[in-house]
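Hydrogens, waters and symmetry mates play no part in the numbers below; they use all other heavy atoms, side chains included. Chain letters run A, B, ... following the sequence lines, proteins first, then strands; residues in each count from 1. Please read all numbers here as calculations on a predicted model, not as lab measurements.
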There are 4 protein chains.
Amino acid sequence: MARPADPHVRSKLLRAAELIFGSVGVERAHVDAIALEAGVSKGAFYNHFPSKDDAFRELVQALLQKLGDLIPRPGTDADSTSGAEFFARCLACDQRIFEFIWENRLLMRVILEGGRSHAFVHLVDEFAEHSRRLVVDHLQYGKRVGLFREDLDVEIASAFLSGGYDRLARSIVRMNERPNFHALLAAIQNNVLYGMARAPSPAFSGDLP
Amino acid sequence: MARPADPHVRSKLLRAAELIFGSVGVERAHVDAIALEAGVSKGAFYNHFPSKDDAFRELVQALLQKLGDLIPRPGTDADSTSGAEFFARCLACDQRIFEFIWENRLLMRVILEGGRSHAFVHLVDEFAEHSRRLVVDHLQYGKRVGLFREDLDVEIASAFLSGGYDRLARSIVRMNERPNFHALLAAIQNNVLYGMARAPSPAFSGDLP
Amino acid sequence: MARPADPHVRSKLLRAAELIFGSVGVERAHVDAIALEAGVSKGAFYNHFPSKDDAFRELVQALLQKLGDLIPRPGTDADSTSGAEFFARCLACDQRIFEFIWENRLLMRVILEGGRSHAFVHLVDEFAEHSRRLVVDHLQYGKRVGLFREDLDVEIASAFLSGGYDRLARSIVRMNERPNFHALLAAIQNNVLYGMARAPSPAFSGDLP
Amino acid sequence: MARPADPHVRSKLLRAAELIFGSVGVERAHVDAIALEAGVSKGAFYNHFPSKDDAFRELVQALLQKLGDLIPRPGTDADSTSGAEFFARCLACDQRIFEFIWENRLLMRVILEGGRSHAFVHLVDEFAEHSRRLVVDHLQYGKRVGLFREDLDVEIASAFLSGGYDRLARSIVRMNERPNFHALLAAIQNNVLYGMARAPSPAFSGDLP
DNA sequence: CATGAATGAGGGTTCATTCAT
DNA sequence: TATGAATGAACCCTCATTCAT
C-alpha cells in the first residue's frame, strides 16, 4: 500500500463531512471545506468518494442502519408482560435511541432537517415514517395486551407520539449539553404516554366535544 | 416598456415566489423561475425586492404575523371556564390554525422544512419555539385552573405536544386532499390531551419506573 | 430589448469561437478565452449557447450547410455536354468550393482535423464521405457520357481523388497567403483528372503489373 | 513490491499506451487506463516515461523511423529501368508501406488524426510532408527518365497523390478486415498514376481551360 | 418601472504528476 | 523499482445581481 502513513484519511474525511454537513447542510457544504477540515486536499476526497452526495448518502445509510439495529420489534417477548415491564422496556429502548442520537447529533441534525437540501428531503420522510411505524407497533402491541384504552386511535396517536419524539430529537441535536435522558424520557412517559392508558381521566368523561 | 404598468406585479411576484419556494425550496428557487411564473421579467423582480432572500423573508413574516393573529392568549376569559369549555375552545383554535396552515401549505412547507436552506433554518426554530410557547401558556392556564395534573411538567409536555402538532402540520402541508380537521383534532384531543388530565390512569399508579 | 447597445455579441462570440477553436481545437478552447476574445464575459457566452460543444456544433452545421449549397448535382444539365464543358464546370465548382474553404479556413481547419477532439472525429468522416460521394457522382456521370475510361474503378478513383482534394483543403486552411485557386485547380485537373480519361496512355499499355 | 520485477514492464506499457492512445486519442487517454491495461500501477508508468506526452512521442518516433526505413530512395537503381519496372517497384514499395500501416493501424490512426490533440498536430504535418517528399522524389525520377509527361507539375501532382494515399491510409487504419493491398494499390496505379503518364489522353487535347 | 443581456464569483469534478513507503 | 494515495491546477457551468436602454 502506498503512503500508508495515515490509513485513517477515509474516516477523517467522513468525520469532517459529518461536521461540515452538520454545520451548513449538504448544499452549502463545500468539498474544499470538508477536505480542509480533514487536513487533506480536495483531490483526496475524490479518492474516497465518487461525489459529495455519495459521501452524504454513505454517512446517512450507516447511521440509519445502526439506528435501526437499536430498536427491538415489540411483542416477541412473553405475552405475560405486565404494564410496568412494558413501559420500562419502552423507556430503556427510548433511552438507547436518544443516547445514540446524542452521540450522532451532528449528522442526525442534517437528516432531521432534510439534508437542508432539496435532494435529500425524502430522507426526513423516510425516517419519520420509519419511526412512526415503530410507535404503531408498540401501540398495537400495548393495545392487544390491554395496556391501552380500547378507543385509542393507533394511527392518530402514533403520528402524534412520533411527532413528539421527533421534536425531542430535533431539540437534542441542537443542544450543547448532554441532557439527562433517563429523567427526560421517564417524565415524558409519565406525562404523555400514560395519558393513553386504559381509561380517560374520569374528570372529563362526558365532556368530549 | 413591453407591458403596460401592472399595479399587481408585486403581488403576482409574491404569489409566484410562494409557489416556486414551495416547490423546490429557497436555495433551488431561481429568480428567473419566479419571474417567469409571475409573467414578468427578472428585472421586475428586483424592482420590488432587494434580493431573493428578502422576498422569502417578507413572505414568511407576513405568514407568521397572520398565524399569530389567529391565536388568542389564554386566560383572558373568565376564570370560571369549565374543563369542557376549555378543551372546546382549544379545539376551535387548533382548527382555525390548521385550516390556515392548509390554505398556506405551500409556504408553510418551506418554513417547516427549514426553508430548505441554511440561511433560514432559524425560522423553523423560531416558529417551533413560538408554537411551543403557546402550548405552554395553555398548559399553564389549564394547570392553574385545575384542569391538569399537578405533577404535569409543563416544559416537557409542551415540547412534546407542540412536537406532535408540528408533525401534524408537516404531514398536512404535503397532503393533496383537505383532511377533516375537526374530526382529526378532536381525535387528537381525545387520545392525547386528556392523557394529561388531572390523574394518571389508576391502572398504572405505582408502576412508574 | 434590454441593453441593445451591442446587438452583435452573438456573432462576435461566434467569430471568437471560430478563432479559438481554430487555434487550439475544441477540447483546449476555453470558454473564458472565447469570451475574452469576443470582449464579453464568460456568462455572456452562456446567454447565447447552451454549452461549448453546442457552439461548435452550430458553427460546423452552418458551415457544412453553406458548403453543401455550393455544390451542384451533376448530370442535371443537357447530356450533350462536351468533355471540355464538363471539365470546365467541374473546375468552376471546385473553385467556388476552395474559395469558400479559404474564406472559412479557421473553422474548416478544425473540422478537417477532427475538431481536434475525440468527440468530433465523426465530423471528419462525415465530411470526407460527403465529399467522396460528390466525386463519385461526377465520375459516374463522366463515365456514363463517355468521358472516362470504361475500366475506371469509380470507387477507388473517387476515394483517391477526394483524398487529394482533402489534402489540398488541409494545406489551404493552413496557408497565410491566398493561393491562386484557378491556376491551382486547373493544374490539378490537367495533371490528375485527365489521367482518368478514356484511354490509359498508350506508352504503358500492356505494362500493367 | 507487489509483483516480481518484470523486465518487460516498459514494453508492456508501450503496447498499452498504443492501444489506449489508439482508442481515445492522446488527450483522453488517461495514464491510469494505460497502467491498468499494462497491468501495472500508475507509478510504474512514471518510472519509465517522464510524462504521458513523452510516451506518445516515443511511440510515434519509433513508428516513423521504421516507416522511413521501408522506403527506398528512388533513382539509385540503374537508370535503364523501364516504365513497367518502375511502376512495379513503386507498387511493391507501396505495398510494404501499407502493410506496415495496417500492422500499426492503432497508432497510425492517432498520428493521422492529429494525435487528436493540439500538441501533436505538427506530427501530422511532418508525416504528410515526409510522404509528399517521397512522392516528389519518385515523380521527379520518373519525369527525368521520361516516364511522365513533360508538363507534369511535380509539386501539384505530388501533393495530390500523397493526399490520395493519405486518405487511403486513413481509411485503412479504421478497417476491421485486412484489405487486399496488392489488388488495391494496383488498381490505384492503374486508375490514377498512369494518368500522369507522358501524354494527356488525346481525346481532350486542346480542350484545356 | 420594465426589460433581459451582461457580469463574475463560485463550486464540483477531473486527472497528470508527485512522493512516502 | 513498484505502489497508489495525495496533490492542486484547471475548467465547465450556474445563477444572483446589475444596469443600459
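When heavy atoms are screened at a 4.0 angstrom cut-off, Ala29(B) is found touching the sugar-phosphate backbone but no base atom. Within the nucleic acid shown, Ala55(B) has no heavy atom closer than 4.0 Å to any nucleic acid atom.
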- Can you list the steps and then say if Glu27(C) with Lys52(C) is a salt bridge (charged side-chain N to carboxylate O under 4.0 Å, His left out)? CA-CA 9 Å; Glu27(C) 204 125 332; Lys52(C) 189 175 75 164; over 6 Å; no

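Taking 4.0 angstrom as the limit, His30(C) places a side-chain polar atom (N or O) nearer than this to OP1 or OP2 of dC12(F). At dA2(F), one or more side-chain N or O atoms of Asn47(D) fall inside 4.0 Å of OP1 or OP2 (strictly under the cut-off). Close to dG8(F), at under 4.0 Å from its OP1 or OP2, lies no side-chain N or O of Lys42(A). Contact check, His48(A) against dA6(F): a side-chain N or O comes under 4.0 Å of OP1 or OP2.
One interatomic measurement links the two molecules: CG of Leu36(A) to P of dA6(F), which rounds to 16 Å at whole-angstrom precision. Atom pair Asp53(A):CG and dT13(E):C1' shows a separation of 13 Å (rounding to whole Å applied). Atom CG of Asp32(D) is separated from atom C1' of dA6(F) by 13 Å (rounded to the nearest Å).
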Side chains of residues 33-46 of chain C: which donor-acceptor partners sit under 3.5 Å, not counting sequence neighbours?
from, atom 1, to, atom 2, distance (Å)
Ser41(C), OG, Gly43(C), N, 3.4
Ser41(C), OG, Ala44(C), N, 3.3

Encoded 5' to 3' (Watson-Crick or G-U under 3.5 Å; [ ] crossing; | other strand), DNA chain E becomes .||||||||||||||||||||

